[in-house]
Structure formats: C-alpha cells, structure tokens
Amino acid sequence: MYYRGQSDKLSDKRYIFNVWNDEGFIEPEIEESFDPDRTILSLAFVKKVTEKSDRKKRQKKATEKSDRKKVTEKTLEQYDKILTFMKDDTWYKANELLDVLGVKETRTKELLRALVEEKKLEDNGATKGKCYRKSKD
C-alpha cells in the first residue's frame with residue numbers, strides 16, 4: 001500500500017508515523033526522488049516484534065521445559081500417599097487429602113491434576129466442588 005499525497009506538510013508525515021507506531025506496525029519507509037520530485041511512503045501491515053512479546057515466548061519455552069522435568073522422589077511419595085489412602089469407588093475432595101499429605105491445598109490440587117493426567121485418578125469434571133477417585137483399570 002502506498003501513500004501518494006500532494007502535501008509536503010511535516011505534520012501529515014508525523015501523523016502517519018504516529019498512527020503506525022500506535023498500531024504496532026513496523027515503521028513506514030520513505031523514498032524520495034528528485035526528477036520528478038516525488039516522495040513515496042511505503043506502509044506495511046506487519047506487526048513489529050516487541051520486547052514484551054519476545055519475553056512471553058521465552059517464558060512459554062521455559063514452562064515447556066519445566067513440564068518435561070523429572071518427578072522428584074518427594075512427589076512420588078506424595079502420589080503414593082494419595083493412592084494408598086483412597087478407597088475404590090469413593091469420591092474425595094482435595095481438602096479431604098490435606099491432612100494425609102501435610103501440604104497446602106494448592107499443592108494438593110497440583111498433585112491430583114498430575115495423577116488425572118497420568119490416568120491413575122479420574123475427576124468428575126466439575127469446576128466447583130471437584131471430586132477425585134481411583135481410575136478403574
């Protein structure tokens with residue numbers, strides 16, 4: 001897309017540059033020729049990569065790495081405690097397992113989520129009042 005105007009006003013060019021910057025597009029390119037006198041302003045509809053978005057990509061890669069991290073001995077012990085405490089065909093809420101594990105509710109939910117992903121437990125799919133039980137293998 002090209003902007004071809006008769007105006008030589010500097011304010012018009014500044015306005016275009018400001019709009020492009022506000023929208024996050026790469027900076028317009030100006031080409032000037034003197035025979036005939038002409039100014040061509042090339043406007044690209046391409047977003048520039050910002051430092052913030054680049055940081056988000058690095059964080060995403062870091063979380064993917066941590067997801068592949070090995071499970072520690074302590075975590076395996078906590079999994080074992082959950083599975084030995086739970087009886088077959090009985091639904092349990094996360095807060096019922098707090099005393100068994102001796103950890104906070106957030107950590108308990110992390111452990112339960114991991115066991116569901118490994119198909120050792122199943123959940124009832126509810127958001128509020130979520131319950132877990134041993135999978136029927």
Side-chain angles (χ1 to χ4, degrees):
M1 176 178 190
Y2 294 104
Y3 168 76
R4 292 184 185 186
Q6 299 296 323
S7 175
D8 286 331
K9 292 182 187 175
L10 187 60
S11 63
D12 290 344
K13 292 175 188 171
R14 282 188 190 146
Y15 175 76
I16 292 170
F17 274 78
N18 286 338
V19 169
W20 239 242
N21 189 38
D22 291 345
E23 294 299 321
F25 295 126
I26 60 173
E27 192 171 299
E29 294 178 22
I30 297 176
E31 296 174 42
E32 294 181 276
S33 61
F34 299 103
D35 192 22
D37 288 341
R38 191 174 290 178
T39 302
I40 299 174
L41 182 62
S42 301
L43 306 172
F45 291 97
V46 178
K47 294 278 186 178
K48 58 183 168 186
V49 178
T50 62
E51 190 176 314
K52 188 176 181 181
S53 67
D54 194 37
R55 193 176 329 123
K56 283 183 182 179
K57 287 179 186 176
R58 285 195 304 262
Q59 286 175 344
K60 187 176 179 181
K61 284 183 183 178
T63 56
E64 287 172 359
K65 269 187 178 177
S66 64
D67 289 346
R68 289 181 267 135
K69 205 168 41 171
K70 290 183 180 178
V71 179
T72 64
E73 209 45 54
K74 190 173 184 178
T75 303
L76 290 174
E77 288 173 13
Q78 291 170 335
Y79 289 160
D80 192 45
K81 281 182 185 178
I82 292 170
L83 294 171
T84 54
F85 175 78
M86 292 179 119
K87 296 176 185 161
D88 293 337
D89 296 324
T90 306
W91 291 93
Y92 295 90
K93 289 187 175 184
N95 62 6
E96 294 175 35
L97 300 167
L98 294 176
D99 295 331
V100 175
L101 295 170
V103 294
K104 294 184 179 182
E105 186 177 8
T106 309
R107 176 65 179 154
T108 303
K109 287 181 179 180
E110 276 181 25
L111 294 166
L112 292 170
R113 216 175 298 120
L115 287 170
V116 168
E117 285 178 13
E118 292 178 16
K119 307 253 190 268
K120 293 182 180 179
L121 294 181
E122 57 185 43
D123 61 16
N124 62 356
T127 303
K128 209 168 193 175
K130 184 176 268 197
C131 294
Y132 302 88
R133 71 175 176 189
K134 283 186 175 182
S135 293
K136 297 175 183 177
D137 291 296

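The structure places OG of Ser135 at 10.5 Å from CD of Glu118, a figure rounded to the nearest 0.5 Å. In this structure, CD1 in Ile82 is found 4.5 Å from CG in Leu112, a value given to the nearest 0.5 Å. From Leu43, atom CG reaches atom CD of Glu23 across 12.5 Å, with rounding to the nearest 0.5 Å. The distance from the CD1 atom of Ile26 to the CG atom of Asn21 is 12.5 Å, given to the nearest 0.5 Å. A distance of 5.0 Å separates CZ in Phe25 from NZ in Lys47, rounded to the nearest 0.5 Å. Taken from OH in Tyr79 to NZ in Lys120, the straight-line distance is 8.0 Å, to the nearest 0.5 Å.
With hydrogens and angles ignored, the 3.5 Å screen pairs no side-chain donor or acceptor of Lys109 with any backbone N or O of Ala94. When atom types are taken as modelled, the side chain of Lys134 and the backbone of Leu83 share a donor-acceptor pair closer than 3.5 angstrom. Under the 3.5 Å distance criterion, the side-chain polar atoms of Thr108 are left unmatched by any main-chain donor or acceptor of Leu98.
Looking only at side-chain heavy atoms (C-beta outward), Lys130 and Asn124 come within less than 4.5 Å of each other.
In plain terms, the two heavy atoms of Met86 and Tyr132 that are nearest each other are CE-O, 3.5 Å.
At a threshold of 4.0 Å, the pair Asp88-Lys136 does not count as salt-bridged, since none of the basic side-chain nitrogens sits closer than that to a carboxylate oxygen. With salt bridges taken as basic N to acidic carboxylate O contacts below 4.0 Å, one links Arg107 and Glu110.
Linking Ile, Leu, Val, Met, Phe, Trp and Tyr residues whenever their side-chain heavy atoms come within less than 4.5 Å leaves Leu115 and Trp91 in two separate clusters. Using a 4.5 Å cut-off between side-chain heavy atoms of Ile, Leu, Val, Met, Phe, Trp and Tyr, with links allowed through other members, Val103 and Phe85 fall into the same hydrophobic cluster.
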